[in-house]
Amino acid sequence: MTAMIPSSAGRVHVASSGRVGLPVVVLSSGLGGAWFDWDRTVRLLEPHARVIVFDRPGLGMSGPARRGPSLAREVAVLDAVMRGIPKAVLVGHSMASMHVEAYARLRPHRVSGVVLLDPDTETPGAGAPFDMSAVIAQAIRAFGSRWLGARLTRRFGHSFRNLLTAASTLGVTDPAPTDLVEMVYRRPGVGRAVVWELASYPGQVATLERLRKRRELPKVPWLVLTAGRRVWPEHRSLAALVPWGRNVPVPGSRHMIQMDRPDAVVMAVREVLRGLPDR
């Protein structure tokens, strides 16, 4: 089932599946992601949970963003997605790991567990990073032509998405039909939203650093999945934000773990679900 729901940041496209009454799992995409990136994971999760996937404003099939990306905006979007849901397991990929962590700190009573998929490698406590891709994105926003950007997105948006997907997976086929990928990533607003998100990255990191000093994480399961066999020190530090946190390498995957190893994502979520009091 899909729906468009209101939020203070713009209308949000939400897809839900699984039986009502099962524990809720909310899946949050990384930079520029779309709901169909999770299709393989959703199919495996459906017998165990009610699964909700959404597109942030400007991305996927969501409406235009009313305000720029920030940690506060992403918490507001999650509030809208979670409306009517008492608690949920939150799964955040890449950049969305920050959104999920912030939500857990600000809304601890709404979170029953957290799974972070190959989060951005910023060591907790290091402060705002200097990120060259963010600097370039900021320059594009400041000096780029909106008209030219729209033309380039219509012409090359889906090709760029395909290149990034190929580089971020171990050769798996895209879970989404080609015509759907083209329809979504040729939308002019999607290109603008991706650049805007990228430009906001250092600011979101800095905001999360400040939040870590003020708000504790809730005492819920906390898993950090790292793509591949190598375990990054930054991921170990992120798992160690709580004494019970775990960092789990996922061999046979690159950055898009939900495409390469949806089974690993499901195993992590099921581990969290088994730890819930009513399970």
Inset, instruction - Determine whether Ser200 and Met95 make a side-chain contact, defined as any pair of heavy atoms from C-beta on separated by less than 4.5 Å. - result: yes
Note to self: When you measure from the side chain of Arg270 to the backbone of Leu45, do you find a donor-acceptor pair of N or O atoms at a distance under 3.5 Å?
What the structure shows: no
Residues passing the side chain to side chain contact (heavy atoms under 4.5 Å, CB included) test with Arg66, sequence neighbours excluded, are none
Donor-acceptor contact present, side-chain Ser97 to main-chain Ser94, <3.5 Å:
yes
Across all chains, not counting sequence neighbours, the side chain to side chain contact (heavy atoms under 4.5 Å, CB included) partners of Ser16 are Met1, Ile52
Applying side chain to side chain contact (heavy atoms under 4.5 Å, CB included) to Asp260 and not counting sequence neighbours gives Thr169, Leu170, Val172, Ser253, Arg254
CE of Met61 to CH2 of Trp35, rounded to nearest 0.5 Å, is 5.5 Å
His255 side chain to Asp118 side chain, donor-acceptor N/O pair below 3.5 angstrom: yes
Contacts of Arg236 meeting side chain to side chain donor-acceptor pair (under 3.5 Å) (sequence neighbours excluded), chain-then-number -> none
- Message: Pairing donors with acceptors under 3.5 angstrom, does anything connect the side chains of Thr153 and Arg192?
- Response: no
Residues at least two apart in sequence or cross-chain that pass side chain to side chain donor-acceptor pair (under 3.5 Å) with Arg107, listed by chain then number, are Asp79
Hits for side chain to side chain contact (heavy atoms under 4.5 Å, CB included) against Arg229, two or more places apart or cross-chain, chain-then-number order -> Pro251
Check: Any luck finding a side-chain donor-acceptor pair between Ser28 and His99 under 3.5 Å?
Finding: no
Note to self: Closer than 4.0 angstrom, basic N to acidic O: yes or no for Lys213 and Glu209?
What the structure shows: no
Distance col, row Leu273:CG vs His48:NE2, nearest 0.5 angstrom, shows 9.0 Å
- Message: Using only atom types and a distance under 3.5 Å, with no angle test, would you say the side chain of Glu197 pairs donor to acceptor with the backbone of Pro69?
- Response: no
Requested in this report: Using modelled atom types only, decide if a donor and an acceptor are shared between the side chain of Trp222 and the backbone of Leu116 within a distance under 3.5 Å.
Outcome: no
*asked:* Regarding Ser17 and Glu46, do their side chains bring together a donor and an acceptor under 3.5 Å, going by distance alone?
replied: yes
Original post:
Are the side chain of Thr41 and the backbone of Gln258 linked by a donor-acceptor contact shorter than 3.5 Å?
Top reply: yes
**Message:** For a 4.5 angstrom cut-off between non-hydrogen side-chain atoms, does Arg161 reach Val190?
**Reply:** no
key: Beyond-backbone contact of Phe160 with Val194, side-chain heavy atoms, under 4.5 angstrom   = no
Any donor-acceptor N/O pair, Arg11 side chain to Gly63 backbone, under 3.5 Å: no
